[in-house]
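Reviewing the structure listed below.
Since the model is a prediction, treat every value here as computed from it, not as a measurement.
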Amino acid sequence: MTADIIHSLQPQLDHIVMGCRDLGDAKADIENRCGVSVPDGGKHPMMSTHNALMQAGGDTYFELIAIDPDAPAPDHRRWFSLDDPATEAHIAARPRALCWVVGVRDLDALKAISPIDLGRVLNVTRGDLHWRLTVPDDGHLPTGGLLPAFIEWPDGKNPCHNMPDLGVRLNQITISTPEPETISDLMAACGVSGFANIVKGKKGLRFDMTTPYGMVTLD
C-alpha cells in the first residue's frame with residue numbers, strides 16, 4: 001500500500017536551498033565562486049524573506065534565501081530555520097547549503113506515510129505564484145535539512161523554466177551523517193531513495209555543481 005502511495009505521489013527533485021545573512025552579499029559570493037550572477041526572485045510576505053533564483057538543470061532550480069531586512073518581523077518563526085541562532089552563525093560568513101526540496105502530487109498523503117513529523121502544510125504565495133510546503137511551527141528543518149522539505153505545486157510543475165538558465169547544473173546532492181542507515185531508511189519511507197548520495201561522517205549537506213567556472217562544491 002505504501003509503495004502504491006509513493007508511486008502516486010510522483011516525487012521529483014524540485015530545488016536546492018542555500019541560506020544567507022544578506023542576499024546581495026550572497027549573490028556576490030556565488031558570482032565569485034561560480035561565475036554567474038543569480039537574479040533576484042522576490043519576497044515572501046508570510047515569512048518576511050526574499051530570494052534569488054536560477055535554473056539548475058532539468059526541472060530543478062537553485063535558491064538563495066535570506067531574511068528580508070525591509071519586511072516587518074513575522075509573528076511566527078520563519079522557515080528553513082532562519083531564526084535559529086545555530087543557523088544564523090552557520091550562514092554568517094557566507095551562503096551555506098540549508099536543505100533540498102522534493103515535489104510531490106499530494107502533500108497530505110505524503111505526510112500521512114512519513115515516519116517523522118514534517119510540520120504543517122502551508123499555503124504560500126510570492127507574486128502570482130502559489131504553492132504548498134511542509135514547514136514545522138518552530139521553523140526547524142527536520143533532520144537538520146538532511147531529509148528534504150516537500151512541496152506541492154498546483155499543476156504539478158514548478159516555475160523552473162521561467163527562471164534564467166545561466167549554465168549551472170546540479171550534479172549531485174551529498175548528505176553526510178553519523179547515521180547513514182537511519183537517513184537512508186527515512187528517505188526510503190518518503191519515496192526519495194536515490195535522490196541524494198549518503199555518506200558516513202560529520203553531519204552536513206553539499207551540492208556539487210557544474211558552472212561556467214568548472215566543478216564547484218557548495219556546502
Side-chain angles (χ1 to χ4, degrees), residues 1-19 38 41 44 51-65 79-80 97-126 128-136 141-175 177 180 183-199 205-211 218:
M1 178 64 73
T2 299
D4 291 339
I5 294 173
I6 289 174
H7 179 74
S8 70
L9 294 177
Q10 300 180 36
Q12 63 179 12
L13 182 61
D14 193 82
H15 66 282
I16 55 175
V17 182
M18 297 195 73
V38 187
H44 311 105
N51 64 7
L53 305 164
M54 65 177 170
Q55 292 184 34
D59 295 320
T60 303
Y61 65 95
F62 170 95
E63 176 180 23
L64 284 172
I65 193 166
W79 50 16
F80 299 119
L98 280 190
C99 74
W100 50 299
V101 182
V102 167
V104 295
R105 293 285 184 171
D106 185 341
L107 274 184
D108 300 299
L110 185 279
K111 274 176 56 66
I113 65 170
S114 172
I116 64 171
D117 184 6
L118 299 173
R120 288 191 297 151
V121 175
L122 297 184
N123 291 295
V124 188
T125 62
R126 181 177 69 77
D128 60 355
L129 294 175
H130 60 281
W131 63 95
R132 305 175 78 216
L133 185 73
T134 54
V135 181
L141 289 165
T143 66
L146 302 187
L147 194 70
F150 291 90
I151 194 169
E152 177 188 333
W153 295 96
D155 59 359
K157 297 180 180 179
N158 71 27
C160 172
H161 297 290
N162 295 325
M163 300 172 191
D165 183 352
L166 305 179
V168 173
R169 297 291 181 266
L170 172 67
N171 292 321
Q172 183 169 266
I173 298 170
T174 297
I175 295 167
T177 172
I183 296 299
S184 179
D185 289 345
L186 289 173
M187 289 176 61
C190 292
V192 294
S193 292
F195 282 46
N197 182 40
I198 305 173
V199 299
L205 183 67
R206 72 174 188 262
F207 308 132
D208 294 322
M209 317 288 291
T210 299
T211 79
L218 301 175

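Minimum heavy-atom separation, P115 to C190: CD-SG, 4.1 Å. Minimum interatomic distance between D108 and D106 (heavy atoms only, all atoms of both residues): N-OD1, 3.1 Å. The two atoms that bring A188 and I6 nearest to each other are O-CD1, 3.9 Å, heavy atoms only. Contact detail for V199 and T174: the closest heavy-atom pair is CG2-CG2, 4.0 Å. In terms of heavy-atom proximity, H130 sits nearest to T125 at CB-CG2, 3.9 Å.
No option in I151, V121, L9 other than V121 meets the side-chain contact (heavy atoms from CB on, under 4.5 Å) test with L107. Test W131, W100, W153 against D14 for side chain to side chain donor-acceptor pair (under 3.5 Å) and you get one pass: W153.
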* **CA sep, side-chain torsions, deciding dist, call: F207, L170, side chain to side chain contact (heavy atoms under 4.5 Å, CB included)** => CA-CA 7 Å; F207 308 132; L170 172 67; 4.0 Å; yes
* side chain to side chain contact (heavy atoms under 4.5 Å, CB included) between L13 and I173: does it pass, once the steps are laid out? -> CA-CA 10 Å; L13 182 61; I173 298 170; 3.9 Å; yes
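I113 CD1 to I5 CD1: the interatomic distance, rounded to the nearest 0.5 Å, is 5.5 Å. For the atom pair CG of L205 and CG of L141, the computed distance is 10.0 Å after rounding to the nearest 0.5 Å. Note that CG of L186 and OG of S114 are 7.5 Å apart. Values are rounded to the nearest 0.5 Å. Atoms CG and CG, from N158 and L53 in turn, are 10.5 Å apart once rounded to the nearest 0.5 Å. In this structure, CG in N171 is found 10.0 Å from OG1 in T211, a value given to the nearest 0.5 Å. Atom CG of L118 is separated from atom CG of L133 by 10.5 Å, given to the nearest 0.5 angstrom.
D59 meets the side chain to side chain donor-acceptor pair (under 3.5 Å) test with H161; sequence neighbours excluded. Remark: W79 pairs with H44 by the ring-ring contact (aromatic ring centres under 6.0 Å, His included) rule, at least two apart or across chains.
Looking only at side-chain heavy atoms (C-beta outward), M187 and I198 come within less than 4.5 Å of each other. The shortest distance between side-chain heavy atoms of L218 and I16 does not fall below 4.5 Å. The shortest distance between side-chain heavy atoms of H15 and V17 falls below 4.5 Å. Counting only heavy atoms from C-beta outward, the side chains of D117 and K111 approach each other to under 4.5 Å. In this structure, M18 and V38 have side chains that are not in contact, with every pair of non-hydrogen atoms separated by 4.5 Å or more.
R126 places a side-chain N or O within 3.5 Å of a backbone atom of G41 that can act as its donor or acceptor partner. In this structure, Q55 contributes its side chain and M163 its backbone to a donor-acceptor pair below 3.5 Å.
Residue pairs meeting the salt bridge (Lys or Arg N to Asp or Glu O under 4.0 Å) criterion with at least one member in residues 152-171, sequence neighbours excluded, are R132-E152, D165-R169.
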